[in-house]
There are 2 protein chains.
Amino acid sequence: MILNILDDRSSRVLYAVVESYINKPEPVGSRFVTKKYSFGFSSATIRNIMADLEEIGFLSQPHTSAGRVPTDRGYRYYVDSLLNLEKAISSSEMPREFMNQFSKRLEQIKDDISGMFSEVTSTLSSISNYVSIALPPKTEKATLNRINFIKYKGDHAVAILLTDEGIIKNRIFKIDPMVKQEDLNRIADYLNSEYAGYALDEIRSMLIQSMKREKAQWDKLISRAINIFEQALSFTEEDVFVSGLDDAMNLPDFSDISKIRELSKAIKDKHVIIKLLDELSDAEGVRVMIGNENPVNELKGLSVVASTYKEGNRPMGIIALIGPTRMNYSKAISMVDVIAKCVGRTFDDRK
Amino acid sequence: MILNILDDRSSRVLYAVVESYINKPEPVGSRFVTKKYSFGFSSATIRNIMADLEEIGFLSQPHTSAGRVPTDRGYRYYVDSLLNLEKAISSSEMPREFMNQFSKRLEQIKDDISGMFSEVTSTLSSISNYVSIALPPKTEKATLNRINFIKYKGDHAVAILLTDEGIIKNRIFKIDPMVKQEDLNRIADYLNSEYAGYALDEIRSMLIQSMKREKAQWDKLISRAINIFEQALSFTEEDVFVSGLDDAMNLPDFSDISKIRELSKAIKDKHVIIKLLDELSDAEGVRVMIGNENPVNELKGLSVVASTYKEGNRPMGIIALIGPTRMNYSKAISMVDVIAKCVGRTFDDRK
DNA sequence: ATTAGCACTCTGAGGTTGAGAGTGCTAACG
DNA sequence: CGTTAGCACTCTCAACCTCAGAGTGCTAAT
């Protein structure tokens with residue numbers, strides 16, 4: 001936080017510049033500021049203030065004799081003040097009406113996790129016109145409700161894994177054709193009795209223990225069960241839900257195709273996104289990354305507004321907007337905030 | 001087919017123009033043609049020929065005193081000749097080496113349908129630099145292998161539907177909490193004995209029949225089973241696999257962002273794509289749609305090269321490339337052809 | 001039928017200009 | 001002392017011009 005290093009007048013001028021520039025991507029001149037935002041000063045005074053703001057790196061000029069444009073640090077100051085206000089005022093920008101409707105919609109489809117997250121990202125992107133991303137609850141952290149095996153085509157079996165969070169994963173794998181469906185059922189029963197209620201990543205480490213133990217004991221059924229479970233657990237690829245790339249192309253900031261390409265590549269490379277968002281997920285509430293604060297090279301020059309959603313107190317996943325640094329932070333923040341809260345509440349209700 | 005309406009000389013000139021323009025998106029002049037492709041004629045003669053080709057609508061000039069550019073009809077003539085040759089020569093452009101490797105790769109992952117199709121589209125787009133699209137086997141046409149129900153959280157059940165094609169769909173729905181797992185098992189057993197081996201869309205219409213019948217008979221269990229199956233069958237949304245949008249952005253044809261946006265929107269709207277590709281799927285082998293031949297408005301100005309893949313003789317789905325009309329048709333055709341054949345073969349092997 | 005030659009057309013890059021916007025500085029002001 | 005009017009200065013951007021280069025169509029000669 002770098003708050004309060006500006007006196008009231010300066011910060012008001014900064015806000016004016018930021019807001020005007022967010023509104024229309026044109027350098028903001030002193031004359032314009034005096035006219036549009038009626039401070040009690042002449043343009044000359046504003047000019048002096050703006051020169052000061054430039055000196056401390058909050059504004060910059062594209063060239064001499066153009067107006068000013070906020071720098072990343074300028075946006076940062078602006079956003080920090082916003083977030084400060086936000087705590088008091090809460091998400092006032094989103095109509096309660098909308099929230100209710102959206103909650104209802106989620107309620108209807110909460111049983112279908114991936115459907116629900118498609119809905120979330122597409123709503124978020126369509127109301128914001130930025131690219132929206134959601135990470136569903138992490139599979140590893142989900143708790144096992146039950147696992148089942150179904151014999152398939154003689155020498156295959158399908159593992160179906162259900163978690164308390166409603167995540168369903170399935171996987172086909174080869175088995176010894178001698179193994180009967182009853183065997184599979186017994187294996188499943190054993191595994192369920194042993195592991196249900198634990199988080200999947202806990203289970204994974206428990207398995208490693210067991211494997212050693214059972215190897216010593218040579219219990220055939222159990223060691224086979226553990227083996228199969230091991231296979232079934234390797235549901236590694238995490239889903240990432242993305243929406244709104246095409247809408248974002250309408251933004252003047254993306255008139256240059258190369259930026260879109262960067263963004264689109266970064267999104268395709270899920271690891272990058274997951275890593276980025278994971279980094280944001282440790283903090284409470286809404287977090288904002290501006291331009292070059294962004295650790296991912298491809299995404300410097302873009303801003304990310306993200307919030308975790310929680311079931312009770314446990315953070316489950318993250319919902320984010322990616323847009324140009326010239327982003328409507330105030331709107332974006334409250335949208336992400338509200339939507340994340342709706343999603344969290346939906347998970348709570350599920351119980 | 002509009003073949004053979006050109007004499008040999010004219011068509012050779014047309015090919016020259018098309019190929020040169022595909023190679024580099026610059027209007028092709030008579031001088032260039034004479035130099036690069038050594039016909040026995042001077043530029044003046046070529047000019048006359050080109051004027052003729054323009055008259056019948058195979059070439060056009062961006063402006064007086066620019067070179068010529070192929071029209072959609074010009075491309076059509078070119079592609080038709082290609083396809084004619086193709087029948088004899090077959091897909092010679094793709095190295096056999098690559099095909100073998102790719103087949104092996106598919107073989108490894110054939111159990112995971114969606115993984116397999118991601119692989120297919122991403123390879124196809126990366127070797128072609130166009131946008132690649134694949135429709136997996138249609139769920140409705142797939143034959144039911146078995147259905148299972150798992151009780152979940154007291155008042156829910158999960159339906160798991162397996163087809164012979166390896167498609168796995170699952171769906172959570174509410175049930176009367178009084179229904180026990182054993183009841184679900186009995187229901188599943190009944191449904192499997194009754195409906196396994198039929199295509200899902202057949203089953204759907206069979207169900208409608210049964211519902212009437214059973215209503216009269218008041219067999220509680222069976223009518224409940226049918227009801228549940230009805231619910232479970234509504235796995236409507238079809239998957240569409242897409243890859244390569246970002247690579248395609250590198251093409252000079254897409255330097256204008258609005259075209260990419262159109263394409264990206266059309267892709268997001270899955271119905272459009274499915275409808276388009278369905279239309280192409282009735283014919284044998286590779287089919288090509290050029291520019292304004294395309295029925296979808298958003299995609300006029302783009303070309304589609306598509307081929308069905310078949311299990312045995314039954315067409316299952318479709319694989320396509322979308323690119324600018326200035327597309328390397330010869331390469332695209334053989335790539336789509338080869339890949340579709342690989343995919344088909346993989347499905348055959350599965351049996 | 002083919003071709004050399006030539007007048008003609010059109011584009012696109014490069015250069016010039018002038019209006020407009022905005023600045024920084026200075027000197028005057030309350 | 002902070003504020004402001006005034007002014008000279010800077011920079012951009014759109015409009016305009018020019019001209020070389022590429023390519024054409026036509027005609028007359030082969």
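Keep in mind that what you see is a predicted model, and the values were worked out from it rather than measured. In the text below, chain A, chain B and the rest are named by the order of the sequence lines, each starting its count at 1. Quick note: numbers below take in every heavy atom, side chains included, and nothing from hydrogens, waters or symmetry partners.
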Could you tell me whether the phosphate oxygens of [N], OP1 or OP2, come under 4.0 Å of any side-chain nitrogen or oxygen in [X]?
{"X": "R9(B)", "N": "dA1(C)", "answer": "no"}
{"X": "R68(A)", "N": "dA21(C)", "answer": "no"}
{"X": "R31(A)", "N": "dT23(C)", "answer": "no"}
{"X": "T64(A)", "N": "dC11(D)", "answer": "yes"}

Whole angstrom value for the distance that separates [atom2] of [N] from [atom1] of [X]:
{"X": "I46(B)", "N": "dT24(D)", "atom1": "CD1", "atom2": "P", "value": "11 Å"}
{"X": "K36(A)", "N": "dG22(C)", "atom1": "NZ", "atom2": "P", "value": "13 Å"}
{"X": "K35(B)", "N": "dG23(D)", "atom1": "NZ", "atom2": "P", "value": "11 Å"}
{"X": "D52(B)", "N": "dC26(D)", "atom1": "CG", "atom2": "P", "value": "12 Å"}
{"X": "E54(A)", "N": "dG22(C)", "atom1": "CD", "atom2": "P", "value": "15 Å"}
{"X": "L59(A)", "N": "dT23(C)", "atom1": "CG", "atom2": "P", "value": "11 Å"}
{"X": "F39(A)", "N": "dG2(D)", "atom1": "CZ", "atom2": "C1'", "value": "17 Å"}
{"X": "I49(B)", "N": "dT24(D)", "atom1": "CD1", "atom2": "P", "value": "12 Å"}

TODO: Flag this pair as yes if the NZ/CZ of R9(A) is under 6.0 angstrom from the six-membered ring centre of F41(A) and inside a 45 degree cone about the axis; otherwise no.
DONE: yes
Open item on the list: Any non-hydrogen side-chain atom of L6(A) less than 4.5 Å from a side-chain atom of L53(A)?
Closed with: yes
Open item on the list: Is any side-chain heavy atom of I319(A) closer than 4.5 Å to one of S307(A)?
Closed with: no
TODO: Would you classify S30(A) as touching base, sugar-phosphate or nothing, given that sugar-phosphate means primed atoms plus P, OP1 and OP2, and contacts are heavy atoms under 4.0 Å?
DONE: sugar-phosphate
Open item on the list: Once you apply a heavy-atom cut-off of 4.0 Å, does F32(A) come out as touching a base, just sugar-phosphate, or nothing?
Closed with: nothing
- [ ] Could you check R47(A), K35(A), R68(A) and say which one makes a side-chain hydrogen bond (donor to acceptor under 3.5 Å, both in side chains) with S30(A)?
- [x] R47(A)
Open item on the list: Nearest heavy atom decides the nucleotide; on that basis, is A44(B) or G67(B) closer to the 5' end of DNA chain D?
Closed with: G67(B)
Open item on the list: Under a 4.0 Å threshold between the charged nitrogen and the carboxylate oxygen, would K265(A) count as salt-bridged to D269(A)?
Closed with: no
Open item on the list: Closest-nucleotide mapping onto DNA chain C: is G40(B) or M50(A) further toward the 5' terminus? I mean the 5' end.
Closed with: G40(B)
Task: First of N48(A) and H63(B) reached from the 5' end of DNA chain C, by closest nucleotide - done: H63(B)
- [ ] Report the nucleotide, chosen from dG25(D), dC25(C), dT2(C), that has the shortest atom-to-atom distance to any side-chain atom of R47(A).
- [x] dC25(C)
- [ ] Consider the side chain of F41(A), meaning its heavy atoms from C-beta on, and name the nucleotide among dT3(D), dA5(D), dT3(C) that approaches it most closely.
- [x] dT3(D)
Task: Side-chain donor/acceptor contact of S65(B) with base of dT9(C) under 3.5 Å - done: yes
